[in-house]
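Right, one structure below, let's go through it.
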Amino acid sequence: MTDDTRPYGAQEPQPQQPYAHPQPPAYPPQQPVTTASGVTVWPGDGAGGGHGGGTPYAGFAEPQPPAPGHRSGHRARKPAVLLAAVAIVAALVGGGSAALVGELTNRGGGTSHSTPVQNASSKSAGGVAAVAKAVSPSIVEIKASTTSGQSTGSGVVITSDGEIITNNHVIAGADTVQVAFSDGSKKTAKVVGTDPGKDLALIKVQGASGLKAAALGSSGSVKVGDEVVAIGSPEGLTGTVTSGIVSALDRDVTVSKEEGRGGQQRERGGPQWPFEFGGNQYNGDTGSSRTTYKAIQTDASLNPGNSGGALINMNGEIIGINSAMYAPGSGGGSGDSAGSVGLGFAIPVDTVKADLAKLRAGGTGGGNS
């Protein structure tokens with residue numbers, strides 16, 4: 001028996017373990033991996049350890065190669081640790097879901113956020129209301145007194161000093177012309193020029209200045225299905241606003257060029273302005289002197305008195321001058337008046353712009369050019 005000279009309670013010294021104080025690694029420690037979203041993945045020891053602050057890589061010194069015949073538990077688990085780290089990175093940057101990719105892109109760019117898809121339809125109360133508010137001051141009511149009575153129609157202010165475009169059939173044969181503005185004021189106008197071949201006329205308000213002129217757009221860019229607003233004075237109801245779409249383009253509409261045919265739009269219950277389409281006559285007889293033009297068809301409600309008023313796109317630009325509408329019950333004759341059934345026609349504004357110089361010079365005198 002061997003005597004034990006250690007004090008009572010002292011522990012037996014443990015044999016010294018190899019590699020208790022490992023030498024510095026032969027190659028730099030593995031660096032952390034930072035993903036596109038800003039997440040940092042730290043290398044672990046396979047036992048749930050990680051970087052928890054303090055000295056970087058504390059407790060993660062790379063073990064030295066074991067002595068021959070020695071099996072290291074740390075070394076055996078390292079491939080699994082690396083595979084886990086790679087799997088995490090792949091899941092974050094591999095783009096497994098569009099939502100994740102979008103989020104990472106937004107975080108990385110800072111200013112590349114997606115723009116929400118806007119409602120494509122502008123035919124809302126706000127859209128029509130905005131157009132009406134902007135353009136209504138440029139639309140006037142026209143009353144033309146003739147030997148056979150008084151006709152009513154509409155017009156569009158095109159210059160601040162009082163030039164107004166309207167239909168020839170609104171002022172044909174008029175002795176006096178009176179214009180009523182959206183603010184209720186009234187002024188006298190004179191006829192500057194007429195073009196019965198295009199059913200257009202130019203009048204000018206006497207002593208006017210500072211009027212709000214409408215913006216003339218382009219009818220060449222109009223497409224079927226475009227939303228439109230019509231403003232005029234149907235049946236003397238000044239500033240009436242309706243809306244709809246462009247139903248068709250390049251409709252061959254035939255109208256009478258004759259003055260005083262009784263086809264002018266009367267204030268109440270009189271015969272409508274006659275026109276022809278597709279070989280049929282509507283709203284009365286067009287007579288023997290007639291002209292044909294290419295019209296924009298619209299389902300925006302047009303009624304007697306809308307003639308000469310504006311057909312407007314959703315940018316507030318004039319794309320046509322309303323000129324004809326189909327009134328059921330009066331086709332083939334000059335019978336009773338009926339309301340709009342969504343068949344209205346407007347002279348393209350490009351035709352108006354091309355004719356302005358002639359109108360200002362007095363008109364063409366009825367030619368169909």
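The first residue of the sequence shown is numbered 1, and numbering continues consecutively from there. Since the model is a prediction, treat every value here as computed from it, not as a measurement.
A 4.5 Å side-chain heavy-atom check between V205 and F181 finds at least one atom pair inside the cut-off. Counting only heavy atoms from C-beta outward, the side chains of I158 and I318 never approach each other to under 4.5 Å. Proximity of K190 to V177: side-chain heavy atoms (C-beta onward) are nowhere separated by under 4.5 Å. I321 is listed as a side-chain neighbour of N167, based on a closest heavy-atom distance under 4.5 Å. In this structure, the side chains of V352 and L200 come closer than 4.5 Å at one or more pairs of heavy atoms. For the pair E163/V192, no side-chain contact is recorded, criterion being any heavy-atom separation below 4.5 Å from C-beta on.
No chain of hydrophobic side-chain contacts below 4.5 Å, direct or via other Ile, Leu, Val, Met, Phe, Trp or Tyr residues, connects I296 to V229. Residues I165 and L216 fall within the same hydrophobic cluster, defined by Ile, Leu, Val, Met, Phe, Trp and Tyr side chains chained together at heavy-atom separations under 4.5 Å. V170 and I203 fall within the same hydrophobic cluster, defined by Ile, Leu, Val, Met, Phe, Trp and Tyr side-chain heavy atoms under 4.5 Å apart, directly or through other members. Residues Y326 and V228 fall into different hydrophobic clusters, defined by Ile, Leu, Val, Met, Phe, Trp and Tyr side chains chained together at heavy-atom separations under 4.5 Å. Linking Ile, Leu, Val, Met, Phe, Trp and Tyr whenever their side-chain heavy atoms come within less than 4.5 Å puts V191 and V140 in one cluster.
The salt bridge (Lys or Arg N to Asp or Glu O under 4.0 Å) pairs that include a residue from residues 204-221 are D161-K204, where partners are two or more places apart or lie in different chains.
A distance-only check finds a donor-acceptor pair linking the side chain of T298 to the backbone of A300 [under 3.5 Å]. Judged by distance alone, the side chain of T291 and the main-chain N or O of G197 form a donor-acceptor pair under 3.5 Å. Side-chain N or O atoms of T194 include none that pairs as donor or acceptor with a backbone N or O of G363 at under 3.5 Å. Not a single donor-acceptor pair under 3.5 Å links the side chain of N168 to the backbone N or O of A201. At least one donor-acceptor pair under 3.5 Å links the side chain of D226 to the backbone N or O of K223. Checking side-chain atoms of T240 against main-chain N and O of L237 turns up a donor-acceptor pair under 3.5 Å. No side-chain donor-acceptor contact under 3.5 Å links N322 to the backbone of A346.
Residues passing the salt bridge (charged side-chain N to carboxylate O under 4.0 Å, His left out) test with E317, sequence neighbours excluded: none.
To the nearest 0.5 Å, atom NZ of residue K143 and atom OG1 of residue T152 are 4.0 Å apart. Atom-to-atom distance recorded for S151:OG and H169:NE2 is 8.5 Å, nearest 0.5 angstrom. To the nearest 0.5 angstrom, I142 atom CD1 is 6.0 Å from I164 atom CD1. The structure places CD of Q297 at 5.5 Å from CG of L343, a figure rounded to the nearest 0.5 Å. Expressed to the nearest 0.5 Å, how far NZ of K187 lies from CG of L211 amounts to 8.0 Å. M325 CE to F345 CZ: the interatomic distance, rounded to the nearest 0.5 Å, is 10.5 Å.
Taking both residues in full, the closest heavy atoms of S154 and S233 are given as OG-N, 2.9 Å, listed atom of the first, atom of the second, then distance. Nearest approach of D199 to S323, heavy atoms of both residues: OD2-CB, 4.1 Å. Nearest heavy atom pair, residue P234 against residue N306, reads CB-OD1, 3.5 Å. Between A172 and T146 the shortest heavy-atom distance is O-CG2, 3.9 Å. Taking both residues in full, the closest heavy atoms of A324 and L302 are given as O-CD1, 4.0 Å, listed atom of the first, atom of the second, then distance. Scanning all heavy atoms of the two residues, the minimum distance from G217 to K353 falls at O-NZ, 2.8 Å.
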With side chain to side chain contact (heavy atoms under 4.5 Å, CB included) as the test, would you mind laying out the steps for I312 and I319 before giving the verdict?
CA-CA 6 Å; I312 312 158; I319 59 170; 6.0 Å; no
Walk me through whether V156 and T166 qualify under side chain to side chain contact (heavy atoms under 4.5 Å, CB included).
CA-CA 7 Å; V156 180; T166 187; over 6 Å; no
Is there a side chain to side chain contact (heavy atoms under 4.5 Å, CB included) between K294 and D252 once you walk through the steps?
CA-CA 5 Å; K294 301 287 187 180; D252 287 326; 2.9 Å; yes
Verdict with supporting geometry, L249 and V222, side chain to side chain contact (heavy atoms under 4.5 Å, CB included)
CA-CA 8 Å; L249 298 171; V222 174; 3.9 Å; yes
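Considering N313, T351, D350 in turn, D350 is the only one that fulfils the side chain to side chain donor-acceptor pair (under 3.5 Å) rule with S219.
Between S301 and T242, the side chains place no donor N or O within less than 3.5 Å of an acceptor N or O (distance only, hydrogens not considered).
Comment: D195 does not engage K358 in a salt bridge, judged by the lack of any side-chain N to carboxylate O separation of less than 4.0 angstrom.
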